[in-house]
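This report concerns only the one structure given below.
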Amino acid sequence: MFAPDDTIVAVATPPGRGAIGVVRLSGPLAHHITDQLVTRRGAARVAALSQVLVLDASGRESRDDAVVVCFEAPHSYTGDHVAEISAHGNPLLLEGIVRAAMRAGARLAEPGEFTFRAFLNGKRDLLQAEAVADLIEAVTPLQARAAADQLQGTLTVRIGAIDARLFDLLARLEASLDFPDEGYHFVEPAMVAAELAGIVADIDALLADARRGRLLREGATVVIAGRPNVGKSSLFNALVGADRAIVTDVPGTTRDLVAERVDIGGLSLTLVDTAGARDTSDRIEREGVARSVQARAAAELVLVVLDQGAALSADDHRVLDDTRARLRVIVKNKADGPDRCGAVEDETPVVAVSALTGDGLDALRLAIVQALSGSDPTRDLPAISNARHVALLEDARANLERGRTAAVEGATEEFVAADLQQARERFDEIVGRRTREDVLRHIFERFCIGK
Ligand SMILES: Nc1nc2c(ncn2[C@@H]2O[C@H](COP(=O)(O)OP(=O)(O)OP(=O)(O)O)[C@@H](O)[C@H]2O)c(=O)[nH]1
Ligand SMILES: [Mg+2]
């Protein structure tokens, strides 16, 4: 998909202006091309103050101050010869350096191509390459930590340990296959079945982390619902930490959906404020109520807000009934006043808060995180968070279950070994030892240029 022998160039820093911007080159000619661009470069890994050539769109040349660092293959991010030119962080200027590099023989890099080279050169396995993209995209500190963890190879190690057990078992099965005439089994079927059950349990432990991991990686949508005037918009603003939605004492204030990203307990959540649910003859408000119902249907979690200062009304009961089958947290708002709504008979968590004073908001945040993750996802980091990894692990698990059944039913070693071999191929795909080109392309497409 990418030609690995080209010398590639791209701006490695984000688009926009900054104190410095970095142009990166990688490939066999990286140093040779750099020599044509800069007045001076130092020894490998030594920064040199230099002047760099800038070529504008109409072919005019100028120079800018720059700091140049060169890395010799294989001791670089990509494993190729690499040069990094740090200049002033102006996009036109950096483009001009890239243009000069292209005139000197470099090709503009595709998104993810630098990391793809690191993968090809064995600097990173596929899991770690994917972690680079996750780390760059992380929004909450916890997401960043989980990605950094994967970059360190935590998941690679866990999968390697499972694969090693499988390899050992497979070796013994194949030894039996190699000496068929001796009628000797290097490993008893019952022992094969027991060992496979153990390996499946290891995979199950990894998969159990997956739900938490995906939540951490991809976040979730949380919709605030309830009848008019219970304080949905006030609660929304309190959780967002800004005066984002209009609040008045007029029931039916909110009509449109209002959405904001919030970091709650390390989870990156999309919080949605909605119109208060009631029957109304106002055409605009009716549309708002309809959108509110749609938003509820698409949410992972619903916060059902009640006004604890008033007895439950028919509108309250309808929202409660409509969301009964949903993952939800019931919020008794206006807890700064008297409790006139009494106990809500329900198994779902009920949290009393005051959007006005902020009391109870921490308890609500915790209830949201617990409802979504089934536990506190910050306690220990999940090792697995990516749908591709989950699907391959589930495939491997199915192969191993088939092998176990075959062993129990007295199938020949050859049959059992074939299933185990297939499971190992799935592990190889996860870490990228064997991955189809279209899968690789899909993975690296997620990257931005220069990474
Ligand atoms: N005392 C008290 N008043 C609150 C609290 N939260 C909201 N209010 C008041 O309740 C009224 C309605 O608040 P909103 O946040 O607009 O309620 P809403 O549910 O979004 O209403 P609609 O958009 O009409 O559905 C306002 O006058 C708020 O100041 C609270 O915790 N305590
Ligand atoms: Mg509102």
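All ligand and atom numbering here is 1-based and tracks the order in the structure.
Residue Pro251 places a heavy atom under 4.0 Å from ligand 1.
For the pair Ile224/Val272, no side-chain contact is recorded, criterion being any heavy-atom separation below 4.5 Å from C-beta on. Side-chain contact between Ile368 and Leu364: present, with at least one pair of heavy atoms (C-beta onward) separated by less than 4.5 Å. The shortest side-chain heavy-atom distance between Glu84 and Phe71 falls under the 4.5 Å cut-off. Counting only heavy atoms from C-beta outward, the side chains of Arg388 and Leu392 approach each other to under 4.5 Å. Put simply, the side chain of Val223 reaches to within 4.5 Å of the side chain of Thr274, judged on heavy atoms. Proximity of Ile330 to Arg328: side-chain heavy atoms (C-beta onward) are separated by under 4.5 Å at one or more points.
Checking only distances, Ile246 never comes within under 3.5 Å of ligand 1, N or O to N or O. In terms of N/O distances under 3.5 Å, ligand 1 is approached by Gly252. Not one N or O of Pro228 is nearer than 3.5 Å to an N or O of ligand 1, by distance alone. Looking at Gly276 next to ligand 1, an N or O pair under 3.5 Å apart turns up.
Looking only at distances, a side-chain donor or acceptor of Lys232 sits under 3.5 Å from a matching main-chain atom of Arg227. Judged by distance alone, the side chain of Thr13 and the main-chain N or O of Val22 form a donor-acceptor pair under 3.5 Å.
Residue contacts to the Mg ion (ligand 2): Asn229 brings no N, O or S atom closer than 2.8 Å. Residue contacts to the Mg ion (ligand 2): Thr254 brings an N, O or S atom closer than 2.8 Å.
Closest to atom 21 (O) of ligand 1, if we only count protein heavy atoms, is Asn229 N, 3.0 Å. Closest protein heavy atom to atom 26 (C) of ligand 1: Thr248 O, 3.4 Å. For atom 3 (N) of ligand 1, the nearest non-hydrogen atom of the protein is Lys334 CD, 3.8 Å. Regarding atom 6 (N) of ligand 1, its nearest protein heavy-atom neighbour is Asn333 ND2, 3.2 Å. From the protein, the heavy atom lying nearest to atom 31 (O) of ligand 1 is Ala355 N, 2.9 Å. Taking atom 18 (P) of ligand 1 as the reference point, the nearest protein heavy-atom neighbour is Lys232 N, 3.4 Å. Atom 1 (N) of ligand 1 has as its closest protein heavy atom Asp336 OD2, 2.8 Å.
The aromatic rings of Phe119 and Phe444 are tilted relative to each other, their planes meeting at an angle between 30° and 60°.
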Begin from the C-alpha positions of Glu195 and Arg165 and carry the test salt bridge (Lys or Arg N to Asp or Glu O under 4.0 Å) through to its verdict. CA-CA 8 Å; Glu195 181 63 9; Arg165 278 180 85 172; 3.2 Å; yes
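The backbone of Val250, and not its side chain, has at least one atom closer than 4.0 Å to an atom of ligand 1 (non-hydrogen atoms only; backbone = N, CA, C, O). Contact annotation for Val305 and ligand 1: no heavy atom of the residue comes within less than 4.0 Å of the ligand.
The Asp249 neighbourhood of ligand 1 comprises atoms 27 (O), with distances under 4.0 Å to a heavy atom of that residue. If you number the atoms of ligand 1 from 1 as listed, the ones under 4.0 Å from a heavy atom of Leu356 come out as 1 (N), 2 (C), 30 (C), 31 (O), 32 (N). Near Ser354, with a cut-off below 4.0 Å to any heavy atom, the atoms of ligand 1 are 31 (O).
When Val247, Val230, Thr254 are checked for heavy-atom proximity to atom 23 (O) of ligand 1, Thr254 turns out nearest. Residue Ser234 holds the heavy atom nearest to atom 13 (O) of ligand 1 of all those in Gly309, Gly337, Ala275, Ser234.
When every heavy atom of Ser26 is checked against every heavy atom of Arg117, the shortest pair comes out as O-NH1, 3.2 Å.
Only one option out of Thr248, Val247, Ile246 pairs with Val250 in a side chain to side chain contact (heavy atoms under 4.5 Å, CB included); it is Thr248.
By the 6.0 Å and 45° rule, Arg24 stacks over the aromatic ring of Phe114.
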